[in-house]
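Below is one structure, written out as structure tokens; comments come after it.
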Amino acid sequence: MKITDDELTQLLKGMELEEPSMSFTRNIMEQVKLEIPPVSLKTKVDYKVIYGIAAVFLTAIIGIFIYALANADFNYALPKMDLQVNIQTEKILTSTALKAFLFVDLVIALIYLDSFLRRKKTEKA
Amino acid sequence: MQQRQTDQDLIIQILEGNTTAYAELVKRHQRFVFTLALRFAKNREDAEEIAQDCFVKAYRALGTFKQTSKFSTWLYTIVYTTSMSFLRKNRLDTLSLNDEENGIHLESQISPLNADLAEKRSTNAYLNQAIAMLLPDDATIIALFYMGEQSLEEIAQVLNMEANTVKVKLHRSRLRLKEKLVFLLKDEVKELL
């Protein structure tokens, strides 16, 4: 004898639930009456209290800020700085160095000009 | 036409002090809770005691119900733990949830059905008898899935295990049930011959 999976599923889905005795609900309700009524353990949020606390904090912060501004001394002078920089520029900035610097600049400018002209040529084509 | 109140509405009413609303909640779930308890207790008197105990426990703990899951799932968790406690108290040998191989069969504790011969021979009666021959955990998973219309995730929540484990257990429970059913129906064919 064989039972297929589908047949078994159909049988299981078609099963009826058992029925307790007629006095079942009444018996429970009688027991329940003797119990302390349940109360939600979720804390009720009173927004008035939250807004009140927020207002106290805001007032305190603004008060302190105003007090600080009123007592502040805005006369402020920049501190004097005396930097002792002693670089011998004559030794670094020689005429050869300047010429080399200008030559490199010229080469970079020529490379840029070349790439610019090539780009224009391709755009036209 | 008055719209049917949801479980959620009834719970809110109860928590606000209308304790009579609990009767409606009991009526809605009593059949399945009783059926589930019957899978553990094997006789109607004990099953009814377990079911009543579950509803009283649920009433006491209603304030702690977080309403993140269905009320039925939460209630079935209570039924499962209460039924397991009942089995332990009555010193019935039960199978560990994680032990598949060391099965202790309950055939010897099953009283023959008192229904008449016609009912006995009906498929439903045989199916009930086959389920009664299963281990309580197997019978619970089958009952929750097919009769309680609980998802694998919800059953996992009730039994406090992973959904994948429940899936495997459900498959194995079905195989065992099929074996028992074939065994019973074979006997029936012999009886008829």
Side-chain angles (χ1 to χ4, degrees), chain A residues 1-70, chain B residues 11-12 14-20 22-24 26-27 30-39 44-45 47-48 51-56 58-67 123-124 126-128 130-131 142-143 145-149 174-175 177-179 181-183 185-186 188-189:
Chain A
M1 177 134 202
K2 273 190 175 180
I3 300 166
T4 63
D5 280 347
D6 289 341
E7 281 171 350
L8 185 66
T9 307
Q10 287 305 313
L11 284 173
L12 287 166
K13 281 183 177 172
M15 273 193 80
E16 282 181 9
L17 294 171
E18 299 286 336
E19 195 82 52
S21 66
M22 299 282 275
S23 60
F24 185 80
T25 311
R26 185 165 42 85
N27 291 342
I28 291 167
M29 290 314 286
E30 276 172 9
Q31 287 183 58
V32 155
K33 272 179 194 168
L34 304 171
E35 299 286 333
I36 301 160
V39 183
S40 179
L41 294 181
K42 276 184 186 171
T43 320
K44 282 183 180 173
V45 181
D46 191 349
Y47 288 102
K48 279 181 188 172
V49 175
I50 291 169
Y51 290 139
I53 294 165
V56 167
F57 275 101
L58 271 174
T59 316
I61 291 164
I62 292 165
I64 291 165
F65 184 68
I66 290 166
Y67 177 79
L69 282 179
Chain B
I11 291 165
I12 291 166
I14 298 158
L15 293 174
E16 282 171 354
N18 181 16
T19 50
T20 50
Y22 195 61
E24 176 58 30
V26 172
K27 274 178 197 164
Q30 63 178 15
R31 289 182 73 205
F32 188 75
V33 168
F34 177 65
T35 307
L36 205 57
L38 207 56
R39 301 279 173 248
R44 297 184 73 86
E45 290 76 25
E48 204 158 301
Q52 283 182 10
D53 194 21
C54 291
F55 278 112
V56 175
Y59 179 80
R60 279 189 208 132
L62 208 59
T64 61
F65 175 48
K66 288 174 187 166
Q67 297 174 17
T123 324
N124 211 32
Y126 276 112
L127 195 57
N128 265 322
I131 292 173
I142 285 176
F145 191 76
Y146 292 104
M147 296 156 90
E149 292 171 350
R174 274 179 60 104
L175 289 177
L177 180 67
K178 212 197 269 188
E179 278 171 22
L181 205 56
V182 168
F183 173 75
L185 290 170
K186 197 166 67 185
E188 172 64 7
V189 173

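Letters A, B, ... mirror the listed sequences (proteins, then strands); counts begin at 1. This one's a predicted model, so the numbers in the text were calculated from it and none came from an experiment.
Minimum heavy-atom separation, A:Leu8 to B:Arg174: CD2-O, 3.7 Å. Taking both residues in full, the closest heavy atoms of A:Glu19 and B:Phe34 are given as O-CE2, 3.6 Å, listed atom of the first, atom of the second, then distance. Taking each heavy atom of B:Thr19 and A:Pro37 in turn, the nearest pair found is CG2-CB, 4.3 Å. Looking at every heavy atom in both residues, A:Pro38 comes nearest to B:Ile14 through CG-CG2, 3.9 Å. What you find for A:Ile36 and B:Tyr59 is that their closest heavy atoms are O-CE2, 4.0 Å.
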Point to revise | Criterion side-chain contact (heavy atoms from CB on, under 4.5 Å) on B:Tyr22 and A:Ile28, from CA distance to verdict | key: CA-CA 9 Å; B:Tyr22 195 61; A:Ile28 291 167; 4.2 Å; yes
Exercise for review: Give the C-alpha distance, both sets of side-chain angles, the deciding distance and a yes or no for side-chain contact (heavy atoms from CB on, under 4.5 Å) between B:Thr35 and A:Glu16.
Suggested key: CA-CA 9 Å; B:Thr35 307; A:Glu16 282 181 9; over 6 Å; no
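Heavy atoms closer than 4.5 Å to chain A are found nowhere in B:Ala47, neither backbone nor side chain. If you measure heavy-atom distances from A:Gln31 to chain B, the contacts under 4.5 Å come from the side chain alone. Proximity to chain B (any heavy atom under 4.5 Å) is restricted, for A:Met29, to the side chain, taken from C-beta onward.
Here the CG atom belonging to A:Leu17 is positioned 11.0 Å from the CG atom belonging to B:Leu38, to the nearest 0.5 angstrom.
Screening B:Arg39, B:Arg44, B:Gln30 for a side chain to side chain contact (heavy atoms under 4.5 Å, CB included) involving A:Glu18 leaves a single residue, B:Arg44.
The backbone N or O of A:Ser21 sits less than 3.5 Å from a side-chain atom of B:Glu48, completing a donor-acceptor pair.
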